[in-house]
Amino acid sequence: MEQVAYTARVRALATEHLVPLTGEDGRVNRPLVSAMGELGLLRDLFGGRADERPRDAAAMQLCLLRETIATVSPEAETALALQGLGSYPILQSGSPDTVDRWIPGVVKGDVVAAFALTEPDAGSDAAALSLRAEPDGDGWRLSGEKLWISNAPDADVYTVFARTSGSGSRGVTAFAVAGDSPGLSGEHLDMLSPHPIGSLTFDGVRVERADVLGEVDAGFRVAMRTLDLFRPSVGAFAVGMAQAALDATVAHVTSREAYGGPLSAQQAVAHAIADMATDLEAARLMVHAAARAYDAGADRSAVTRSAAMAKLFATEAAGRIVDRCVQLHGARALQRGHLLEHLYRDVRAPRIYEGASEVQRTIIAREIFRERTNR
């Protein structure tokens, strides 16, 4: 009952306060982020009570929050999620001074955060990143490029992953980098769905030892810990969009007259609704199972596997559901501005970002084989 009351409150807040602030220019929507801070929704990204300092994140609450807002506004949901993705490594792995510098502003909605991992030649193979962190006195200078970075180039702080030594996943270090750092520049990218995404260029950007998140050469663990938390919630985002599409389609087929009766009287239509509802419920249950595993402190392998399974199944299912909902609506769903037209574009991206579906399958298989080997 507590979770039901929570989601009802979030839905009401999002409907009343966030929807009027949404738009489609594809840039960081600072009024929207600020409003979420004022409403306390950004504080809900992290665990504990609202009157406590953020210390961690509760995966189930994060999933409920993302799914609920996604049913109302995918843009608001995306803005909220990117705040968490960009700031969680700082909260979990930053020094007390670094946390105090950035996290209060993130929670208030005054600071826009971003997660900068992907590069032109290091997408799905994130361990292949080549942005260099060259020693410079007691700090480093970052040189290279990042691509497909959410909230770039407008973020106030970036969690940046750079190579300090070696190759592969070893020798990567995570840094908190201010958006106005000298030598840092970027461009906005025009995407299929109007998400704030861009590229970044680092031209000798100076970072100090105090900016290191976690340990030097151990940044990949920082990235994977963050992704293990957020991957199930990507599934929750997809579930929210699929729920919105299904709700709209049920309303449409029960009111649309064809062949002497409502569309819902057609067996093919009724069966399609049944299949979509079943897919949606299965996706939701997998997301919740992964969130519970994370919150319960399950071992790393179980958390990683369940997170990958939840993201894979939920995002693929949502894509199928939205596509079928478009089909049942007909041409009206292809008209610019229609809810299904928005969802059709928005639902495509989650199958790629934070690890494409093919990457999730690789992770799942790896963990299954590892478990068998360790028996």
(message) Which residues pass the side chain to side chain donor-acceptor pair (under 3.5 Å) test with S130, not counting sequence neighbours?
(response) E119
(request) Kindly indicate, with the supporting measurements, whether the criterion ring-ring contact (aromatic ring centres under 6.0 Å, His included) is fulfilled by F161 and F115. (result) CA-CA 9 Å; F161 298 87; F115 186 84; 5.2 Å; yes
(request) Please determine if D136 and R209 form a salt bridge, counting it only when a charged side-chain N lies under 4.0 Å from a carboxylate O. (result) no
(request) Output the distance between atom CG (D121) and atom CG (L129), rounded to the nearest 0.5 Å. (result) 11.0 Å
(request) Enter the distance from T249:OG1 to I321:CD1 here, rounded to the nearest 0.5 Å. (result) 10.0 Å
(message) With clusters defined by side-chain heavy atoms of hydrophobic residues (ILVMFWY) lying less than 4.5 Å apart, directly or transitively, does I149 cluster with V359?
(response) no
(request) Treating Ile, Leu, Val, Met, Phe, Trp and Tyr as nodes and any side-chain heavy-atom pair under 4.5 angstrom as an edge, say whether M309 and F313 lie in one connected cluster. (result) yes
(request) Tell me, please, which residues at least two apart from D180 pass side chain to side chain donor-acceptor pair (under 3.5 Å). (result) none
(message) Within the structure provided, determine whether S357 and E316 are in side-chain contact (heavy-atom separation under 4.5 Å).
(response) yes
(request) For R300 and D228, run salt bridge (charged side-chain N to carboxylate O under 4.0 Å, His left out): C-alpha distance rounded to whole Å, both residues' side-chain angles, the deciding distance at 0.1 Å, then the answer. (result) CA-CA 9 Å; R300 173 67 185 276; D228 279 347; 2.8 Å; yes
(message) Between R305 and E371, is there a side-chain heavy-atom distance shorter than 4.5 Å?
(response) yes
(message) I'd like to know if D279 pairs up with R324 as an ion pair, taking the criterion as any Lys NZ or Arg NE/NH1/NH2 lying under 4.0 Å from an Asp or Glu carboxylate oxygen.
(response) no
(request) Return yes when atom CZ of R366 has more than 12 non-hydrogen atoms of other residues, nucleotides or ligands closer than 6.0 Å, and no otherwise. (result) yes
(request) For the pair D295 (side chain) and A59 (backbone), establish whether a donor and an acceptor sit closer than 3.5 Å, ignoring hydrogens and angles. (result) yes
(request) Please name the pair of heavy atoms, one in L91 and one in V99, separated by the smallest distance, quoted to 0.1 Å. (result) O-CG2, 4.0 Å
(message) Hydrophobic clusters here meaning ILVMFWY residues chained together by side-chain heavy-atom distances under 4.5 Å, can you tell me if L18 and L45 are in one?
(response) yes
(request) Please round to the nearest 0.5 Å and tell me the distance separating atom OG1 of T15 and atom CD1 of I69. (result) 10.0 Å
(request) Could you pull out the closest heavy-atom pair between V172 and R163, with the gap in Å? (result) CG2-NH2, 3.8 Å
(message) Which heavy atom of L340 sits nearest to which heavy atom of A333, and what is that distance?
(response) CB-CB, 3.7 Å
(request) State, with a plain yes or no, whether a side-chain heavy atom of D138 is found less than 4.5 Å away from one of E208. (result) yes
(request) Check whether any side-chain heavy atom of F237 lies under 4.5 Å from a side-chain heavy atom of P350, and answer yes or no. (result) yes
(request) Count the heavy atoms of every other residue, nucleotide or ligand shown that sit under 6.0 Å from CD of E52, and state whether that count exceeds 12. (result) yes
(request) Decide whether V250 and L328 are clustered together by the hydrophobic rule: side chain heavy atoms of Ile, Leu, Val, Met, Phe, Trp, Tyr closer than 4.5 Å, transitively. (result) yes
(request) Check whether any side-chain N or O of T164 sits under 3.5 Å from a backbone N or O of G171 as a donor-acceptor pair, and report yes or no. (result) yes
(message) Pairing donors with acceptors under 3.5 angstrom, does anything connect the side chains of Q327 and D323?
(response) no
(request) Measure from the side-chain N and O atoms of E341 to the backbone N and O of G337, and report whether any donor-acceptor pair falls under 3.5 Å. (result) yes
(message) Between the side chains of E77 and R66, is the shortest nitrogen-to-carboxylate-oxygen separation below 4.0 Å, so that they form an ion pair?
(response) yes
(request) State whether D275 and R320 are salt-bridged, where the test is any N-O pair (Lys NZ or Arg NE/NH1/NH2 against Asp/Glu carboxylate O) under 4.0 Å. (result) no
(message) Quick one, R132 and W140 - any side-chain contact, counting heavy atoms below 4.5 Å?
(response) no
(request) Step through the shown structure and confirm whether more than 12 heavy atoms of other residues, nucleotides or ligands are within 6.0 Å of CG on D190. (result) no
(message) For the backbone of I90 and the side chain of S93, can you confirm whether one donor and one acceptor N or O come within less than 3.5 Å of each other?
(response) no
(request) Give the minimum heavy-atom separation between H252 and L263, together with the two atoms involved. (result) NE2-CD1, 4.1 Å
(request) With R231 as reference, evaluate T315, V303, I363 under the side chain to side chain contact (heavy atoms under 4.5 Å, CB included) test and give the passing residue. (result) I363
(message) Within the 4.5 Å heavy-atom criterion, are D100 and R53 side-chain neighbours or not?
(response) yes
(request) Indicate yes or no for a side-chain donor-acceptor contact from T173 to the backbone of D217 under 3.5 Å, with no hydrogens or angles considered. (result) yes
(request) Taking the side chain as every heavy atom from C-beta outward, state whether H288 and L64 have any atom pair closer than 4.5 Å. (result) yes
(message) Checking the side chain of R141 only, and the main-chain atoms of G204 only, is there a donor and an acceptor separated by less than 3.5 Å?
(response) yes
(message) Within the structure provided, determine whether N151 and Y158 are in side-chain contact (heavy-atom separation under 4.5 Å).
(response) no
(message) Taking atom CD as the centre, does E257 end up with more than 12 heavy-atom neighbours from other residues, nucleotides or ligands that are less than 6.0 angstrom away?
(response) yes
(request) Measure from the side-chain N and O atoms of T22 to the backbone N and O of V19, and report whether any donor-acceptor pair falls under 3.5 Å. (result) yes
(message) Testing the basics here: between P54 and I103, what is the closest heavy-atom pair and its distance to 0.1 Å?
(response) CG-CG2, 4.1 Å
(message) On a heavy-atom basis, which atom in S306 and which in A290 lie closest, and how many Å separate them?
(response) O-CB, 3.5 Å
(message) Please determine whether residues L312 and V239 belong to a single hydrophobic cluster, defined as Ile, Leu, Val, Met, Phe, Trp and Tyr linked transitively by side-chain heavy-atom distances below 4.5 Å.
(response) no
(message) Is the ring pair F230/Y88 parallel, tilted or perpendicular, if the boundaries are 30 and 60 degrees?
(response) perpendicular
(request) Evaluate the criterion side-chain contact (heavy atoms from CB on, under 4.5 Å) for residue pair H338 and H329; output intermediate values, then yes/no. (result) CA-CA 10 Å; H338 192 280; H329 272 79; 3.8 Å; yes
(request) Please check if the side chain of Q83 supplies one atom and the backbone of V111 the other of a donor-acceptor pair under 3.5 Å. (result) yes
(message) Under a plain distance cut-off of 3.5 Å, with no hydrogens placed, do S199 and E187 share a side-chain donor-acceptor pair?
(response) no
(message) Please check this pair: side chain of T159 against backbone of G86, looking for a donor-acceptor N/O pair closer than 3.5 Å.
(response) yes
(message) I'd like to know if the side chain of D156 reaches the main chain of V112, judged simply by a donor and an acceptor atom lying under 3.5 Å from each other, with no hydrogens or angles considered.
(response) yes
